[in-house]
Number of protein chains: 2
Amino acid sequence: MINYSDILREHHLKATPQRLAIAEALHIKGHINIETLYEIMLKNFNSISLATIYKNINLMLENSFIQEVKIPNAKSVYELTKETHSHLSCEECGDIEDVYVESSDIIYSVSKKSDFEIKDMELVFLGLCKDCQKVD
Amino acid sequence: MINYSDILREHHLKATPQRLAIAEALHIKGHINIETLYEIMLKNFNSISLATIYKNINLMLENSFIQEVKIPNAKSVYELTKETHSHLSCEECGDIEDVYVESSDIIYSVSKKSDFEIKDMELVFLGLCKDCQKVD
DNA sequence: CTGACTGCAAACGTTTTGCACGGTA
DNA sequence: TACCGTGCAAAACGTTTGCAGTCAG
């Protein structure tokens, strides 16, 4: 189990028990929405407030400790900041997985045909995860 | 000016003046969020209700007359349904433009390295539009 | 003419804020 | 110890709903 105390402090965030638990939940689950995170946190802190969740998520976003992922037809999820990557979203069960896509070629080709100076891209693939393929 | 009456009816939506105005606003602006759409609509209908906007946007989404685009760090915007395309988002002024990217190669390569059966992808480029490049 | 649409007001769910207390550094 | 974080309650915000009157087909 990774110790997130130092990593939190590197991001200018005090290492409180609640924040450590959020970090651990994100580490284990990969991608979580607010509602699910609150449910998980309630198991560890019987009286944690939703306000605390929101305040911490917002601070963690501002300090780049975590990132938001907007998924079509679903609630936003949050993940620990790591190397640039894209996402696979299962339209059946909602599962979200990471996938690494080489973006430089895509960005280069779009830069050529647009007026934009492109800095980054967000890419989400929609489909069916392994388990849900069998069901359908 | 395109007449959207028939197109609305093809999507099983009655052609009311409010809906025609929404269609026209989307046609002219390309991409609009709810707040901006409401402001535009108020110029044509001095007593239009936000509830009407929401009801129509939701019906238009259900009937695929329009589509939602989720942009990182911004409100969702809506656009008339058209051929598959991606988006350029200006992080400075919020301008959004369409761009056409060949997706089959990308989807094929990701399909090979993931367990997912991929049906579609959403791609948003973040950067600076032509005007905002000069300012910075 | 009839079912669908509109506008209003109220309800709802989600997110933010203010404040007193408690805990980290 | 000083300041930041927490939990609670209330407020703010965006969106949805129910209803009575109106309109498109």
Side-chain angles (χ1 to χ4, degrees), chain A residues 3-26 32-63 65-78, chain B residues 3-25 32-63 65-78 94:
Chain A
N3 179 351
Y4 280 102
S5 298
D6 292 340
I7 305 176
L8 280 166
R9 282 189 282 265
E10 283 164 20
H11 289 268
H12 311 103
L13 297 163
K14 283 192 180 179
T16 67
Q18 290 86 343
R19 286 177 187 170
L20 289 168
I22 291 175
E24 192 165 319
L26 291 170
I32 323 186
N33 63 38
I34 296 285
E35 188 185 354
T36 307
L37 178 59
Y38 182 50
E39 287 164 10
I40 293 172
M41 294 291 286
L42 276 176
K43 293 177 187 164
N44 304 313
F45 303 83
N46 48 27
S47 70
I48 193 171
S49 163
L50 248 181
T52 300
I53 305 273
Y54 278 108
K55 284 171 187 166
N56 279 325
I57 288 293
N58 286 332
L59 273 175
M60 288 171 165
L61 283 170
E62 286 164 25
N63 293 289
F65 178 72
I66 64 173
Q67 291 184 314
E68 182 177 7
V69 185
K70 291 191 175 187
I71 303 286
N73 314 315
K75 295 177 184 171
S76 287
V77 295
Y78 301 89
Chain B
N3 179 351
Y4 281 101
S5 298
D6 293 339
I7 305 177
L8 280 167
R9 283 189 284 264
E10 283 165 19
H11 289 268
H12 312 103
L13 297 164
K14 284 192 179 180
T16 67
Q18 291 86 345
R19 287 178 185 169
L20 289 168
I22 291 175
E24 193 165 317
I32 324 185
N33 63 39
I34 297 284
E35 187 185 355
T36 307
L37 179 59
Y38 182 49
E39 287 165 8
I40 293 172
M41 295 291 285
L42 276 176
K43 292 175 187 163
N44 304 314
F45 303 83
N46 48 27
S47 69
I48 194 172
S49 162
L50 247 183
T52 299
I53 305 273
Y54 278 109
K55 285 170 188 167
N56 280 326
I57 288 292
N58 287 332
L59 272 176
M60 288 170 165
L61 283 170
E62 286 164 24
N63 293 288
F65 178 72
I66 65 172
Q67 291 183 313
E68 181 177 6
V69 186
K70 291 192 174 186
I71 303 287
N73 314 314
K75 295 177 186 170
S76 286
V77 294
Y78 301 88

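Every chain is numbered from 1, with letters handed out A, B, ... down the list of sequences. Computed from a prediction, not measured in an experiment: that's the story for all the values here.
Residue B:F45 contributes atom CZ, which lies 15 Å from atom P of C:dC5 at whole-angstrom precision. Between the P atom of C:dC5 and the CG atom of B:N56 lies a distance of 8 Å, rounded to the nearest Å. Here the P atom of nucleotide D:dC13 and the CG atom of B:L50 are 14 Å apart, to the nearest Å. Atom CG in B:L20 sits about 11 Å away from atom C1' in D:dA24, given to the nearest Å. Summarising the geometry, the separation between CG on B:N44 and P on C:dT6 is reported as 14 Å, rounded to the nearest angstrom. Put simply, CD1 on A:I22 is 11 Å from C1' on D:dG5, counting in whole angstrom units. To the nearest angstrom, C1' of C:dA25 lies 13 Å from CG of A:D6. In this structure, CG of A:L37 is placed 14 Å from P of C:dT14, rounded to the nearest angstrom.
Ranking D:dG7, D:dT16, C:dA4 by closeness to the B:N58 side chain, first place goes to D:dT16. The side chain of B:A15 lies closest to D:dG25 when the candidates are C:dA25, D:dT6, D:dG25. Nearest to the side chain of A:R19, among C:dT6, D:dT6, D:dG25, sits D:dT6. Relative to the side chain of B:K14, the nucleotides D:dG7, D:dG25, D:dG5 differ in distance, and D:dG25 lies closest. Checking C:dG7, D:dT6, D:dG7 against every side-chain atom of A:T16, the shortest atom distance belongs to D:dT6.
Of all heavy-atom pairs between A:L20 and A:Y4, the closest is CD2-C, 3.8 Å.
Looking only at distances, a side-chain donor or acceptor of A:K70 sits under 3.5 Å from a matching main-chain atom of B:A74. With hydrogens and angles disregarded, no donor-acceptor distance shorter than 3.5 Å links the side chain of A:R19 to the backbone of A:N56. With hydrogens and angles ignored, the 3.5 Å screen pairs no side-chain donor or acceptor of B:N63 with any backbone N or O of B:F65.
The 12-atom threshold is exceeded at CG of A:N3, counting heavy atoms of other residues, nucleotides or ligands nearer than 6.0 Å.
Between A:H12 and A:S47, the residue whose closest nucleotide on DNA chain D is further toward the 5' end is A:H12.
At a cut-off of 3.5 angstrom, the base of C:dG18 holds at least one donor-acceptor pair with the side chain of A:K55.
When the side-chain nitrogen and oxygen atoms of A:S49 are compared with OP1 and OP2 of D:dC8, none of them lie within a distance under 4.0 Å.
Among the atoms of the strands shown, only primed sugar atoms or phosphate atoms (P, OP1, OP2) are found under 4.0 Å from some heavy atom of B:Q18. Among the protein residues, B:T52 comes within range of the nucleic acid bases, having at least one heavy atom under 4.0 Å from a base atom.
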